[in-house]
Protein chains: 2
Amino acid sequence: MARGKIVIRRIEKMSSRQVTFSKRRHGLMKKAHELAILCDVQVGVIVFSSTGRLYEYASSTTTTTMGMPSIIHKYQSAQENHQLLNPVSQIMFWEGEVRKLQQEMQILQDHHRSKFLIQLQYYLSNLNQLE
Amino acid sequence: MARGKIVIRRIEKMSSRQVTFSKRRHGLMKKAHELAILCDVQVGVIVFSSTGRLYEYASSTTTTTMGMPSIIHKYQSAQENHQLLNPVSQIMFWEGEVRKLQQEMQILQDHHRSKFLIQLQYYLSNLNQLE
DNA sequence: TCCCCTATTTATAAATC
DNA sequence: TGATTTATAAATAGGGG
């Protein structure tokens, strides 16, 4: 949105992606807060970075102090009707959930493995320098 | 932000508040979506209007399609889990989550299998009576 | 309610420090 | 890494239909 238009697709360069994440995350939280105040509504925002770090915003209105838990609870009751899908699609849903969690776990593991390897290389190079 | 600056406080005039709600709600959802795509992260947004109507956005990333239920689940687990544990126990935690989901799925499947068997017996007995 | 218009304000991409 | 700058893209307040 500045110094050049961009297309909305995954930013490939990791460092730029990190910078943009920081900026736009702040922007999003600010917008969420403004919406909540200006229009006196409840807003909840949850963001998970690719490394699994959690960022959140939960509004309070003039009438109630809604933390994220209350907003989630309200969301879930609002959705209860929807939960009554037929058995087969229910099972398929949970199978999907399991797959997603497994994939995420894999990502976390890869992430930490590479971090560990980098550390190891660092220590080894230090050792080499001491010799 | 246009035709005059505004201060961020509850808009008193109901009709303006409604209009602003509609505009900014769209803006917020769009920003959430852009953040999710650009930075390849999970984003969930929940908004309740003052009349209790629900508006939501839940992102998908390149790796996973996370609906709001998954995001909420992850949020709740992250809170319980303290999140500030070391990588290894974090991974162990998620492994536990996967196991739990798998067990749930198993129970669901067993349940429906037994229901199916009961149905089958019922039909069979009907068939027998016809003979 | 929703769309259009457009003058302004904001958000922010890219560069620089 | 983070803070600051700045040129530009986006969002939007206010008004009209």
Side-chain angles (χ1 to χ4, degrees), chain A residues 1-59 61-62 78 111-112 114-123 125-126, chain B residues 1-59 61-62 83-84 87:
Chain A
M1 303 171 179
R3 301 298 180 111
K5 193 171 172 159
I6 58 161
V7 276
I8 303 302
R9 69 188 304 282
R10 185 176 190 279
I11 297 169
E12 289 307 327
K13 204 176 152 203
M14 151 87 110
S15 59
S16 319
R17 194 164 69 239
Q18 184 52 47
V19 170
T20 295
F21 178 56
S22 169
K23 288 183 183 180
R24 278 178 174 259
R25 182 164 38 78
H26 277 107
L28 184 68
M29 298 309 190
K30 187 179 176 191
K31 288 286 188 188
H33 180 246
E34 291 181 351
L35 180 65
I37 300 296
L38 287 172
C39 304
D40 197 23
V41 296
Q42 291 166 243
V43 180
V45 176
I46 296 174
V47 178
F48 282 103
S49 78
S50 43
T51 59
R53 210 194 307 278
L54 166 67
Y55 304 87
E56 66 177 302
Y57 169 77
S59 70
T61 67
T62 51
H111 178 69
H112 292 304
S114 62
K115 253 179 35 184
F116 172 73
L117 285 176
I118 288 166
Q119 284 258 323
L120 188 64
Q121 286 176 336
Y122 175 71
Y123 285 125
S125 71
N126 278 359
Chain B
M1 304 172 180
R3 302 298 180 112
K5 194 171 173 160
I6 58 161
V7 274
I8 302 302
R9 68 189 304 280
R10 188 179 189 276
I11 297 170
E12 289 307 328
K13 202 174 152 201
M14 151 88 109
S15 60
S16 317
R17 194 164 70 241
Q18 186 51 46
V19 170
T20 296
F21 177 58
S22 171
K23 287 183 180 180
R24 279 177 173 261
R25 181 164 39 79
H26 277 107
L28 183 68
M29 297 309 190
K30 187 178 175 190
K31 287 286 188 188
H33 180 246
E34 291 181 351
L35 179 66
I37 299 295
L38 287 171
C39 304
D40 197 24
V41 296
Q42 291 167 241
V43 180
V45 177
I46 297 175
V47 178
F48 281 104
S49 76
S50 40
T51 60
R53 209 194 307 277
L54 166 67
Y55 303 87
E56 65 177 302
Y57 170 77
S59 71
T61 68
T62 52
Q83 175 131 101
L84 309 162

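Within every chain, numbering begins at 1; the chains are lettered A, B, ... in the order of the sequence lines, protein sequences first and strands thereafter. Keep in mind it's a predicted model, so treat the numbers as computed, not measured.
In this structure, OG in B:S16 is found 11.0 Å from CG in A:L38, a value given to the nearest 0.5 Å. Between the OG1 atom of A:T20 and the NZ atom of A:K13 there is a distance of 10.0 Å, given to the nearest 0.5 Å. Remark: B:R17 CZ to B:S50 OG distance equals 6.0 Å, nearest 0.5 Å. We find the CG-NZ distance between A:L28 and A:K23 to be 16.0 Å, quoted to the nearest 0.5 Å. Atom CZ of B:R10 sits about 4.5 Å away from atom CG of A:D40, to the nearest 0.5 Å. Distance CD/B:Q42 to CG/A:L54: 10.5 Å, rounded to 0.5 Å.
Each end of the helix from C:dC2-D:dG17 to C:dC17-D:dG2 gets its own axis from five base pairs, and the two axes differ in direction by 40°, given to 10 degrees.
Put simply, B:T20 has a side-chain N or O that comes within less than 4.0 Å of OP1 or OP2 on D:dA13. For the OP1/OP2 pair of C:dT1 and a distance below 4.0 Å, the side-chain nitrogens and oxygens of B:Q18 include at least one atom meeting the criterion. Contact annotation: B:K30 reaches the phosphate of D:dA11 (side-chain N/O to OP1 or OP2, under 4.0 Å). For A:S16 and C:dA13, the shortest distance from a side-chain N or O to OP1 or OP2 is not below 4.0 Å.
Distance, A:F21 CZ to C:dA13 P: 14 Å, rounded to whole Å. Going from atom CZ of A:R17 over to atom C1' of D:dT1 covers 16 Å, rounded to whole Å. Distance B:L35 CG to C:dA11 C1': 13 Å, rounded to the nearest Å. Across the protein-nucleic acid pair, A:L28 atom CG and C:dA11 atom P stand 12 Å apart, rounded to whole Å. Taking atom OH of B:Y55 as the reference point, atom C1' of C:dC2 lies 13 Å away to the nearest angstrom. Whole-Å rounding puts the B:K13 NZ to D:dA13 C1' distance at 12 Å. Protein atom CZ of A:R25 is 14 Å distant from nucleotide atom P of C:dA13, rounded to whole Å. If you measure from atom NZ of A:K5 to atom P of D:dT8, you get 15 Å, rounded to the nearest angstrom.
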Short N/O separations, protein against nucleotides 2-6 of chain D, under 3.5 angstrom:
residue: D:dT6; atom: O4'; partner: A:R3; partner atom: NH2; Å: 3.1
residue: D:dT6; atom: O2; partner: A:R3; partner atom: NE; Å: 3.2
residue: D:dT6; atom: O2; partner: A:R3; partner atom: NH2; Å: 3.0

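Ranking C:dA13, D:dT12, C:dT12 by closeness to the B:K31 side chain, first place goes to C:dT12. Of the candidates D:dA13, C:dT9, C:dA11, C:dA11 carries the atom nearest the A:E34 side chain, counting heavy atoms from C-beta on.
For B:I37, the side-chain contact (heavy atoms from CB on, under 4.5 Å) test picks out A:I8, B:H33, with sequence neighbours left out. With sequence neighbours left out, B:S49 forms a side-chain contact (heavy atoms from CB on, under 4.5 Å) with B:F21, B:T51, B:R53, B:Y55.
Scanning both residues, B:R25 and A:L35, for their nearest heavy atoms gives N-CD1, 3.9 Å.
Comparing B:L38 and B:H26 by the nucleotide of DNA chain C whose heavy atom lies nearest to each, the residue mapping closer to the 5' end is B:H26.
Here A:S15 lies out of heavy-atom contact (under 4.0 Å) with every strand.
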